[in-house]
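Throughout, a chain's letter reflects where its sequence line sits, starting with A, and its residues are numbered from 1.
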Amino acid sequence: MSFKSIIDEIENNLKKILGDLSLAPISFSVEPSKPGFGDASSNISFLLSKQLKKNPKDIALLLSEKYSDCQSTLVLKSEAHPSGYLNFYADWKKLSQLILSESFLGEFGTVDLGENSSIVVEHTSVNPNKALHIGHIRNIIIGDTVSRILKKSNFKVNVLNYVDDSGLQVADIIVGFKHFGFPQDPPTGKKFDHYCGDDVYVKTTEKYESDPTLEEIRKNTLKDLEDASSETARFADKITQRVLSAQLETCWNLGVYYDCLNFESQIIRSGLWSTIFEKLKEMGLIEFEKEGKNQGCWVIRGDEGEEDKVIVRSNGTATYIAKDIPYAAWKLGLLNDPFNYKKYEKTQPNTQVLWQTTLEKSPEPKQNFSGNKVITVIDSRQARLQKIITSLMAKFKSVSDAYIHLGYESVTLSAETAKTLGLETDGKQAQMSGRKGLYVNADSVYELLKSKTFEETKKRHPEMSASDIDSISHHVSVGTLRYEMIKQDLDKIIAFDLTKSLSLEGDTASYIQYTHARAARIIEKSGKTPSIDVEFGLLGEQPELDLIKMIGLFDIQVYDAAKNFSPKVIARYCHDLAVAFNSFYEHVHVLDLGDEKLESARLCLVNSFKSTIEKSLDLLGIAAPDRM
RNA sequence: GGGCCUAUAGCUCAGCAUGGAUAGAGUGUUGGACUUCUAAUCCAAUGGCCAAGGGAUCGAAGCCCUUUGGGCCCA
């Protein structure tokens with residue numbers, strides 16, 4: 001509850017006042033105030049002004065007067081601001097106690113938005129023919145962060161990674177291996193996924209351009225992939241598994257874990273498509289076109305002003321949308337599950353079991369990874385296709401928001417970074433391209449960041465062991481990368497710049513982590529175990545109150561982030577919380593005050609901050625080292 | 001030709017969902033603060049016709065309409 005407690009108290013009292021004045025209930029807001037306007041503010045007078053035909057200021061005065069008769073536990077007084085806002089001042093002695101003692105509980109910040117319902121988050125879903133580049137990382141970090149936020153909001157989250165192991169991109173590297181003689185093992189020191197992406201894929205697609213007759217080989221390979229028993233399919237399976245394994249290493253290193261892996265090849269071979277095709281026909285969601293340009297095709301009727309979408313061509317082959325429909329329905333648990341489950345051969349570093357589907361018999365029990373709701377994280381270039389699936393699933397499940405496409409704008413390369421990769425763009429940002437080899441690999445960015453933070457940490461702590469420095473630089477570089485990917489809104493393009501992204505100052509993860517380390521250091525130096533049995537009334541300095549208030553806003557932020565699937569809300573909160581602590585740190589001293597009681601109270605606050613910033617950073621998948 | 005996203009400080013972005021108070025950060029530039037719990041920090045100065053035009057409103061960065069840049073998708 002925390003700061004929410006005082007907001008609730010105010011809301012209830014205002015509702016009561018409305019009743020006493022025999023006014024109709026209205027949906028006014030009570031929110032934490034801007035600095036300088038008390039602790040909480042309501043817009044209620046503005047909303048009443050039309051109905052009462054009075055100006056907001058007079059209404060605020062009236063309400064403020066009425067409010068003084070209300071039962072208050074946390075509110076000290078209300079005040080009518082000349083602007084018309086109704087501002088409230090908290091009884092900080094009580095509110096501090098409430099917020100600080102709650103902040104130490106493990107469930108602090110937890111909100112019950114999900115009511116323990118199941119939800120699927122699908123993210124990553126990269127073709128297993130290359131290493132993850134910085135654009136994929138945005139997808140992965142958004143998905144992982146949203147999963148963490150939803151878990152905190154009492155959803156039962158199933159995280160899925162859809163492996164497109166039978167598409168054109170995989171076919172291309174298979175052509176490379178089988179027809180152009182690329183050795184199956186990478187040169188020493190190179191990860192297998194990097195080798196496949198940087199060398200096999202790029203060079204194979206180059207050859208297509210110079211020799212159009214190769215298109216035939218490519219098509220045949222693609223066709224062979226669909227037949228599980230073919231030699232090509234078995235070979236491809238080995239290759240894609242190796243690439244997948246290398247990709248997962250990258251994800252795990254960034255603190256991203258999954259519940260289950262799905263494979264496109266299995267979806268195709270499972271026969272789910274024909275099941276759902278029949279169902280779609282039954283439900284009248286698709287129609288057979290008898291005339292016009294789509295004659296002989298099965299189509300989904302477009303909404304008003306939109307074109308019909310072909311699902312099955314007149315020659316009987318399914319279009320690429322058709323692959324996504326059964327998977328979407330499977331994720332929502334709308335079909336009999338044709339899969340068995342087995343454990344992935346490697347254990348995830350967090351020891352969480354990673355499952356994968358299989359069409360073969362398995363000694364393991366059947367699993368269920370479906371959800372009442374499904375969130376699919378894919379960039380907004382897929383919006384058109386995703387919209388069709390969303391509306392189809394809405395009809396299927398008779399719930400409008402069962403299937404949600406969480407879209408985001410892509411990551412491009414800044415002109416400078418494109419230039420270092422050999423592309424002159426005339427000052428414009430450039431689209432990444434796996435095919436042209438124009439991308440920045442996630443592993444390389446991590447390595448660069450890590451060596452930079454390693455040097456920085458070593459400089460600060462010459463006495464520290466190499467393994468400790470290594471651990472710190474790992475957490476800082478992962479944090480920096482993750483924070484860069486989610487700190488801005490999903491609908492903003494990120495023009496990735498290698499130099500700027502390596503910054504460790506300002507609005508970065510390291511700033512926040514550093515703040516945590518400062519707090520940890522104070523507690524360590526105090527030589528005491530912070531207690532919550534302190535005199536909260538002693539915490540009266542403005543920076544102290546600001547910090548307590550910020551701590552108390554945690555659950556409100558979690559609610560907001562979960563409700564809107566918006567990771568950046570938590571990123572901003574972490575930053576604001578760190579700013580509040582740094583201001584406290586500069587203005588208020590904690591240790592060696594010669595006042596035992598005050599020191600204990602402040603130590604309690606420092607510890608509360610430390611605990612809260614850890615919890616909120618954890619929602620971003622960012623660790624908080626005690627020393628930096 | 002149709003559709004989606006976007007435009008706020010020199011640069012990168014918050015704020016817009018739910019219209020009301022003084023439009024905020026970071027970065028950059030300039031100056032200041034380490035014998036004091038870690039300077040990956042803090043403080044100050046600088047910097048805005050909120051793309052343009054219109055509309056509804058007592059009130060618009062935010063809502064509606066039009067136009068123009070930029071990005072993407074489909075044809």
Considering only atom [atom1], compute the distance from [N] to [M] and round it to an integer number of Å.
{"N": "B/G15", "M": "B/A23", "atom1": "C1'", "answer": "8 Å"}
{"N": "B/C65", "M": "B/G24", "atom1": "P", "answer": "29 Å"}
{"N": "B/A9", "M": "B/A45", "atom1": "C1'", "answer": "15 Å"}
{"N": "B/U12", "M": "B/G1", "atom1": "C1'", "answer": "35 Å"}
{"N": "B/A7", "M": "B/C16", "atom1": "C1'", "answer": "14 Å"}
{"N": "B/C43", "M": "B/C49", "atom1": "C1'", "answer": "31 Å"}
{"N": "B/U67", "M": "B/A25", "atom1": "C1'", "answer": "32 Å"}
{"N": "B/C11", "M": "B/G28", "atom1": "C1'", "answer": "8 Å"}

| field | 4.5 Å side-chain heavy-atom contact, A/Glu416 and A/Thr499 | value | no

| query | Any side-chain heavy atom of A/Gln295 within less than 4.5 Å of one from A/Ser314? | reply | no

Rounded distance in Å - [atom1] ([X]) to [atom2] ([N]):
{"X": "A/Leu48", "N": "B/G59", "atom1": "CG", "atom2": "P", "answer": "20 Å"}
{"X": "A/Asp576", "N": "B/C13", "atom1": "CG", "atom2": "P", "answer": "19 Å"}
{"X": "A/Gln51", "N": "B/C58", "atom1": "CD", "atom2": "C1'", "answer": "17 Å"}
{"X": "A/Tyr559", "N": "B/A17", "atom1": "OH", "atom2": "P", "answer": "17 Å"}
{"X": "A/Tyr408", "N": "B/C13", "atom1": "OH", "atom2": "C1'", "answer": "20 Å"}
{"X": "A/Asp497", "N": "B/C11", "atom1": "CG", "atom2": "P", "answer": "16 Å"}
{"X": "A/Asn87", "N": "B/A21", "atom1": "CG", "atom2": "C1'", "answer": "8 Å"}
{"X": "A/Gln386", "N": "B/C5", "atom1": "CD", "atom2": "P", "answer": "15 Å"}

| remark: With B for base contact, S for sugar-phosphate-only contact and - for none (protein heavy atoms under 4.0 Å), nucleotides 32-44 of chain B reads ----SBBSBBS--

Relative to each other, are the rings of [X] and [Y] parallel, tilted or perpendicular (30° and 60° limits)?
{"X": "A/Phe554", "Y": "A/Tyr573", "answer": "parallel"}
{"X": "A/Phe581", "Y": "A/Phe609", "answer": "parallel"}
{"X": "A/His474", "Y": "A/Tyr446", "answer": "perpendicular"}

Checking all strands, does [X] fall into the base, sugar-phosphate, or nothing category for heavy-atom contacts under 4.0 angstrom?
{"X": "A/Gln431", "result": "sugar-phosphate"}
{"X": "A/Lys487", "result": "nothing"}
{"X": "A/Ser41", "result": "base"}
{"X": "A/Asp491", "result": "sugar-phosphate"}
{"X": "A/Lys492", "result": "sugar-phosphate"}
{"X": "A/Asn564", "result": "base"}

| request: Compare the minimum distances between each of B/G71, B/A21, B/A14 and the side chain of A/Asp489, then state the nucleotide with the smallest one. | output: B/A14

| field | Neighbour count >12 (heavy atoms, 6.0 Å) for atom CD, A/Glu65 | value | no

Tell me yes or no: between the side chains of [X] and [Y], is some donor less than 3.5 Å from an acceptor?
{"X": "A/Tyr514", "Y": "A/Asn582", "answer": "no"}
{"X": "A/Ser125", "Y": "A/Glu122", "answer": "yes"}
{"X": "A/Tyr408", "Y": "A/Asp489", "answer": "no"}

| field | B/C34 glycosidic torsion: syn (within 90° of 0) vs anti | value | syn

Given that both distances must come in under 3.5 Å, which nucleotide forms a Watson-Crick or G-U wobble pair with [N]?
{"N": "B/C72", "result": "B/G3"}
{"N": "B/A33", "result": "B/U41"}
{"N": "B/U46", "result": "B/G28"}
{"N": "B/C63", "result": "B/G55"}
{"N": "B/C16", "result": "none"}

| Phosphate OP1/OP2 of B/C58 contacted by A/Lys53 side-chain N/O (<4.0 Å) | no

| query | With respect to the phosphate group of B/G19, does any side-chain polar atom (N or O) of A/Lys50 fall under 4.0 Å of OP1 or OP2? | reply | no

| request: Would you please determine if the base of B/A21 is stacked by A/Tyr85, with stacking meaning a centroid separation under 5.5 angstrom and planes under 30 degrees? | output: yes

